[in-house]
Amino acid sequence: MATIVYPPTINFSWLFQRPQQILSRMATKNYTVYYLNKTYDASYKKGITELKENLYLVNGVGIGNIKLRETPILWISYPPNYSYVNMFKKKYVIFDSIDYPSDEFSEWRLNFEEMQKAANIIFASSRKLYNINKRVNDKTFLLPNGADFEHFNKAERIFSKRPSDLPEGKPIVGYIGALASWIDWNIVDYVSLVCPEYNFVYIGPNLNMKRLPKKDNIFYLGEKKYSILPNYLQYFDVCIIPFKVTSMTEGADPIKMYEYLSAGKPVVSSNLPSILRCEGIYTADGKAEFANMIKEALENYDDQKRKRLVDIARENSWEKRAEYADRIIRYYLI
């Protein structure tokens with residue numbers, strides 16, 4: 001059994017993103033995984049806790065508390081964590097390159113090149129990141145984000161009572177994710193204005209956005225626990241990804257895309273490279289086309305399309321991503 005150590009980047013309980021998703025699956029494939037919280041989380045006990053078989057949370061204590069019996073695999077997704085590479089005389093290094101280091105992620109430039117060179121293996125979440133890393137390190141492999149399929153597939157059908165804070169009376173156009181600067185808020189404002197026949201629902205934490213568009217048909221419901229997101233998603237009629245197209249988002253592979261598809265929901269997105277490669281998604285260039293695509297997605301939705309979207313998500317599950325990562329690791333490292 002190999003051991004994976006994930007240095008502190010984000011807390012395990014926050015938003016349940018790529019690191020939590022894929023490392024949880026790696027724990028089911030004969031790896032012992034130690035996930036280090038960035039900050040102490042009072043909802044877990046201090047120290048090292050086994051969350052599931054082979055998956056351990058290191059909470060409120062340092063990496064030195066991990067008792068290693070073999071050469072560890074350092075799985076690093078945050079380039080400034082390069083400093084952890086030098087803590088171990090013997091180690092394997094996986095650089096999970098998940099965000100393009102520019103704009104909102106400009107701090108990720110620190111040690112980006114060092115991570116590229118130190119890595120025994122690089123996994124890249126998007127084609128843009130793959131191309132950038134492949135030029136430096138031949139052991140670079142495309143590993144896109146994926147779907148927590150079983151969790152979100154529940155929302156393919158109505159399975160529970162309608163949440164009390166969801167608006168009623170109109171079709172719901174929904175978004176699940178951070179309210180952040182990479183969202184094109186001009187699109188958000190415009191589509192709510194020209195599509196008064198829909199309610200627009202946004203679920204997720206506000207990442208320092210001081211001014212959000214306000215309309216009678218826009219509803220900001222705040223951050224919800226990951227466990228209940230399908231309870232909201234089941235009532236969405238169309239899902240959206242209204243991102244700006246920048247150097248950073250061109251290197252992104254939005255996890256929400258796979259979550260929406262798991263529920264068989266029609267998706268409308270900005271023109272991002274990772275979105276364009278996925279069939280069945282409506283892509284828009286500009287706010288007017290975005291509004292038109294929302295209407296088209298609603299009007300042209302049927303059971304056949306729903307089933308196809310679900311099939312796409314099933315083939316892009318985190319389980320399948322972990323299976324691929326496991327094959328690469330076993331071939332090149334252990």
Side-chain angles (χ1 to χ4, degrees), residues 1-99 107-108 110-112 114-125 137 139 141 143 145-146 148 226 318-319 321-334:
M1 179 179 288
T3 299
I4 294 174
V5 176
Y6 184 73
T9 304
I10 56 175
N11 278 11
F12 187 83
S13 61
W14 193 66
L15 294 184
F16 220 63
Q17 300 175 72
R18 177 181 172 110
Q20 300 97 311
Q21 295 280 11
I22 198 163
L23 292 175
S24 295
R25 270 70 176 187
M26 298 305 289
T28 70
K29 302 189 179 303
N30 212 29
Y31 294 85
T32 300
V33 176
Y34 290 95
Y35 187 105
L36 280 80
N37 265 354
K38 183 177 182 180
T39 59
Y40 174 66
D41 185 343
S43 59
Y44 297 95
K45 73 177 184 179
K46 186 175 182 179
I48 300 178
T49 302
E50 188 171 16
L51 300 179
K52 298 179 181 178
E53 186 177 4
N54 299 330
L55 176 62
Y56 295 87
L57 178 66
V58 183
N59 184 44
V61 297
I63 201 168
N65 287 268
I66 302 173
K67 306 301 181 185
L68 297 171
R69 300 176 182 176
E70 57 201 346
T71 302
I73 300 170
L74 291 182
W75 186 300
I76 297 174
S77 60
Y78 179 54
N81 277 343
Y82 172 76
S83 58
Y84 285 85
V85 172
N86 297 322
M87 291 184 179
F88 299 87
K89 290 183 178 180
K90 293 184 177 181
K91 71 277 179 180
Y92 300 111
V93 178
I94 292 176
F95 177 30
D96 195 17
S97 185
I98 62 177
D99 282 298
E107 68 176 270
W108 291 49
L110 179 64
N111 297 132
F112 187 87
E114 288 82 354
M115 281 304 311
Q116 289 178 304
K117 295 172 183 177
N120 300 102
I121 291 172
I122 297 178
F123 291 130
S125 64
N137 191 319
K139 300 298 187 297
F141 303 90
L143 186 69
N145 288 324
D148 189 354
Y226 184 78
W318 284 117
E319 178 62 29
R321 300 295 190 245
E323 288 175 0
Y324 178 68
D326 178 48
R327 292 199 301 272
I328 297 298
I329 292 170
R330 295 190 184 281
Y331 186 84
Y332 288 101
L333 296 188
I334 59 178

Residues Asn59 and Thr49: side-chain donor-acceptor under 3.5 angstrom: no
Pro8 vs Tyr78 side-chain heavy atoms within contact, under 4.5 Å: no
Salt bridge (Lys or Arg N to Asp or Glu O under 4.0 Å) contacts touching residues 29-48 (sequence neighbours left out): Lys29-Glu319
Parallel, tilted or perpendicular: ring planes of Phe112 versus Phe95, cut at 30 and 60 degrees: perpendicular
Lys117: partners by side-chain contact (heavy atoms from CB on, under 4.5 Å), with sequence neighbours left out: Val136
From Ile4 atom CD1 to Ile94 atom CD1, the distance as rounded to the nearest 0.5 Å: 6.0 Å
Pairing residues for Phe12 by the ring pair (Phe, Tyr, Trp, His ring centres under 6.0 Å) criterion, not counting sequence neighbours: Phe16, Tyr35
With sequence neighbours excluded, residues passing side chain to side chain donor-acceptor pair (under 3.5 Å) with Arg330: Asp326
Non-neighbouring partners of Thr32 that pass side chain to side chain donor-acceptor pair (under 3.5 Å), sequence neighbours left out: none
All pairs passing ring-ring contact (aromatic ring centres under 6.0 Å, His included) where residues 40-74 contributes a residue, at least two apart: Tyr34-Tyr56
Residues forming a ring pair (Phe, Tyr, Trp, His ring centres under 6.0 Å) with Tyr332, sequence neighbours excluded: Phe141
Residues that Pro72 engages under side-chain contact (heavy atoms from CB on, under 4.5 Å), provided they are two or more places apart: Val5, Leu68, Phe88, Lys91
Set of residues satisfying side chain to side chain donor-acceptor pair (under 3.5 Å) with respect to Gln21, sequence neighbours excluded: Arg25, Tyr226
Results of side-chain contact (heavy atoms from CB on, under 4.5 Å) for Ala2 - residues two or more places apart only: Tyr31, Ile73, Ile334
Thr71: side chain to side chain donor-acceptor pair (under 3.5 Å) partners, not counting sequence neighbours: none
Set of residues satisfying side-chain contact (heavy atoms from CB on, under 4.5 Å) with respect to Glu114, sequence neighbours excluded: Tyr82, Asn111
